[in-house]
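These notes are about the structure you will find just below.
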Amino acid sequence: MSRKKRHMAIGICFAYYNIKGILKDVYDPVTENFDFTKIDQYDYRQWLSMQGAPQWLVDSVIVRFFYTGTFAQTFTTVFRPSVSGW
């Protein structure tokens with residue numbers, strides 16, 4: 001498989017498990033709102049695993065990059081990271 005196709009496959013897999021998890025755990029169809037506080041107790045990689053993501057994806061560069069850039073520096077207190085950012 002070419003590098004370009006491999007990267008596209010990883011990106012599609014990454015998007016799939018994130019969207020699947022958000023629709024399952026975060027989105028409330030009754031209120032039509034997203035409540036990320038519902039998953040604050042989970043590490044992002046743990047949460048992806050809970051969605052059925054394969055270990056190779058959980059350990060991938062794209063997940064580490066997304067996790068570090070999005071969640072690792074967002075704090076509700078000095079010591080408690082927050083997925084929701086609030």
Side-chain angles (χ1 to χ4, degrees):
M1 178 183 289
S2 73
R3 184 183 304 201
K4 184 176 181 178
K5 287 181 182 177
R6 185 173 156 267
H7 289 171
M8 285 179 54
I10 291 169
I12 290 167
C13 189
F14 175 75
Y16 170 76
Y17 286 106
N18 277 281
I19 292 168
K20 176 185 174 187
I22 288 171
L23 292 176
K24 179 179 155 255
D25 295 339
V26 177
Y27 182 70
D28 182 353
V30 175
T31 63
E32 297 182 348
N33 288 314
F34 294 92
D35 183 5
F36 285 92
T37 61
K38 291 179 180 180
I39 60 172
D40 269 349
Q41 68 268 24
Y42 303 112
D43 175 85
Y44 176 61
R45 292 160 293 205
Q46 176 189 15
W47 178 78
L48 272 180
S49 293
M50 291 167 49
Q51 307 316 314
Q55 194 62 42
W56 61 263
L57 179 65
V58 173
D59 295 335
S60 70
V61 171
I62 192 171
V63 169
R64 284 183 296 195
F65 176 79
F66 187 75
Y67 175 81
T68 303
T70 305
F71 305 122
Q73 302 303 318
T74 303
F75 295 93
T76 54
T77 66
V78 175
F79 300 106
R80 184 175 172 270
S82 167
V83 172
S84 66
W86 298 104

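Side chains included, hydrogens not; waters and symmetry mates left out as well; all remaining heavy atoms used.
Distance CG/Leu48 to CZ/Phe66: 9.0 Å, rounded to 0.5 Å. Rounding to the nearest 0.5 Å gives a distance of 11.0 Å between CG of Asp43 and CE of Met50. Within the model, atoms CD of Gln55 and OG of Ser60 stand 10.0 Å from one another, a figure rounded to the nearest 0.5 Å.
The nearest pair of heavy atoms linking Ile62 to Gly11 is CD1-CA, 4.5 Å.
The cluster map of Ile, Leu, Val, Met, Phe, Trp and Tyr, joined by side-chain heavy atoms under 4.5 Å apart, puts Ile12 and Leu23 in different clusters. Hydrophobic clustering keeps Phe14 apart from Val61 (ILVMFWY residues linked when any side-chain heavy atoms are closer than 4.5 Å, directly or through intermediates). Cluster membership check: Ile10 does not share its hydrophobic cluster with Met8, using side-chain heavy-atom separations under 4.5 Å among Ile, Leu, Val, Met, Phe, Trp and Tyr.
Side-chain contact between Lys38 and Val26: absent, with no pair of heavy atoms (C-beta onward) separated by less than 4.5 Å.
For residues 1-21, the side-chain hydrogen bond (donor to acceptor under 3.5 Å, both in side chains) pairs, not counting sequence neighbours, are Asn18-Tyr44. Residue pairs meeting the side-chain hydrogen bond (donor to acceptor under 3.5 Å, both in side chains) criterion with at least one partner in residues 22-34, sequence neighbours excluded, are Asp25-Trp47, Asp25-Gln51, Asp28-Thr31.
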